[in-house]
Amino acid sequence: MIRHSVNLHRGCFGGCAFCTISAHQGKFIASRSKESILREARQVSRMPDFKGYISDLGGPSANMYAMGGRDKEVCRRCLRPSCLHPKPCPNLNTDHRPLLDIYRAVDALPGIKKSFIGSGVRYDLSMHHTGREDVDRANRRYNEELIREHVSGRLKVAPEHTSDNVLSLMRKPSFALFHEFKRLFDETNKRAGMRQQLIPYFISSHPGCHASDMAELAAETKALNFHLEQVQDFTPTPMTLATEIYYTGYHPYTGEQVFTATSQEQKLEQRKFFFWYDAAYRADIIRTLRRIGRPDLISRLFGDRPPHAAGRRN
Ligand code: SF4
């Protein structure tokens, strides 16, 4: 995978609470020149095992290439940890045209049949309405070309949760935006006669996430016909906001107390909701739903089928 991929930039201005990329690589994007990218793409195309497909034209986030604040002086004084949360900064240039130009130039090289985007796409960036007609038109074009030309069957995106409370703590956009992107993805596929899959990533036990949030996540993703695969349980990572909350129990920006599932039992209880469709977890999930006062979700998850306790696993 990595062997036939090309990294376009470093850094990330998303500032997600659980992610340490901006601490490692910086919040300001360092983008490679077009010449440098094309030089590497040509080298990849000459590799003896290369079959014509670039596996990723990406970076820490797929679509931050050549982006940043329009007024650098404002950025220099800025204390915001994220340029995207709670709302994209009005000073942020979200024009996807330089990135589209790279995709098209790479695909035009001899020996390259197609380039895929394997890195996670920030749809909050490509769906953001700036009010500038030329930028908004270009970004719509980006979404369209991304979905039609650069998905190797499955497009990875990271809504990370469905609960807006948890998402706000994560510094991620509302789940409503994921619904919007999924609609666009499905419509574009339909128009193109394609049956590609959208693969959403989710995290359990993030600070602020209760078992009831995971129960809602299970019901919401079931309603969207997802059988989740790309999931992870929160792991504290040095230099992140989420880790500070995890260890102290307080949000350092507001001083508010924040619940975090820290025991093995609490974490496992949350994680099981990802796999509501696995009969081995059904009895435990039903017990949890009754305990947390959400028996209404039992029929949303399991219909009227009786609980199945066999084959329980941890
Ligand atoms: S001013 Fe805006 S674009 Fe610049 S660093 Fe701050 S949030 Fe990001």
Side-chain angles (χ1 to χ4, degrees), residues 7-34 58-102 117 119-143 146 157-161 164-178 180-181 206-208 237-245 251-256:
N7 196 28
L8 309 186
H9 67 274
R10 288 173 66 79
C12 179
F13 49 72
C16 297
F18 50 82
C19 177
T20 191
I21 292 272
S22 59
H24 292 165
Q25 299 194 1
K27 173 170 105 166
F28 299 108
I29 304 299
S31 300
R32 292 174 68 182
S33 68
K34 184 175 174 181
S61 290
N63 53 326
M64 289 188 181
Y65 180 75
M67 291 183 190
R70 270 185 287 272
D71 184 337
K72 304 292 180 218
E73 264 315 302
V74 176
C75 294
R76 226 162 267 141
R77 293 192 304 272
C78 173
L79 296 176
R80 279 179 61 158
S82 166
C83 303
L84 292 176
H85 186 84
K87 290 272 176 259
C89 173
N91 187 38
L92 182 66
N93 171 16
T94 61
D95 191 342
H96 284 61
R97 276 175 288 196
L99 183 55
L100 267 180
D101 183 45
I102 296 289
I117 310 307
S119 300
V121 171
R122 290 288 308 225
Y123 54 83
D124 48 342
L125 202 48
S126 64
M127 302 281 288
H128 173 55
H129 299 292
T130 64
R132 297 161 74 118
E133 185 42 41
D134 56 334
V135 174
D136 290 347
R137 197 178 327 110
N139 293 359
R140 281 196 296 275
R141 185 73 218 156
Y142 173 83
N143 284 323
L146 167 75
V157 291
E160 307 293 8
H161 216 287
D164 281 352
N165 285 339
V166 180
L167 287 167
S168 177
L169 266 166
M170 289 176 161
R171 297 201 191 111
K172 296 289 280 185
S174 163
F175 196 61
L177 199 60
F178 175 78
E180 212 181 299
F181 185 73
H206 188 276
T237 316
M239 299 187 290
T240 64
L241 169 66
T243 297
E244 188 168 346
I245 299 174
H251 194 301
Y253 287 64
T254 63
E256 279 169 26

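Just so you know, ligand 1 is whichever comes first in the structure, and atom 1 is the first atom listed for that ligand. Computed from heavy atoms alone, side chains included, the values below leave out hydrogens, waters and symmetry copies. Along the sequence shown, residues are numbered consecutively beginning with 1. In this text the structure is predicted, and so the values were computed from the model without any measurement.
In this structure, C75 and N91 have side chains that are in contact, with non-hydrogen atoms separated by less than 4.5 Å.
Protein contacts to atom 8 (Fe) of ligand 1 involving N, O or S atoms at a distance below 2.8 Å are C83 SG.
Rounding to the nearest 0.5 angstrom, the gap separating the CE atom in M127 from the CZ atom in F178 is 11.0 Å. Put simply, NE2 on H251 and CG on L241 are 4.5 Å apart, with the number rounded to the nearest 0.5 Å.
Checked by atom type and distance alone, the side chain of Y142 never pairs as donor or acceptor with a backbone atom of D95 at under 3.5 Å.
A side-chain N or O of H96 and one of N139 form a donor-acceptor pair less than 3.5 Å apart.
A 6.0 Å sphere centred on CZ of R70 holds more than 12 heavy atoms belonging to other residues, nucleotides or ligands.
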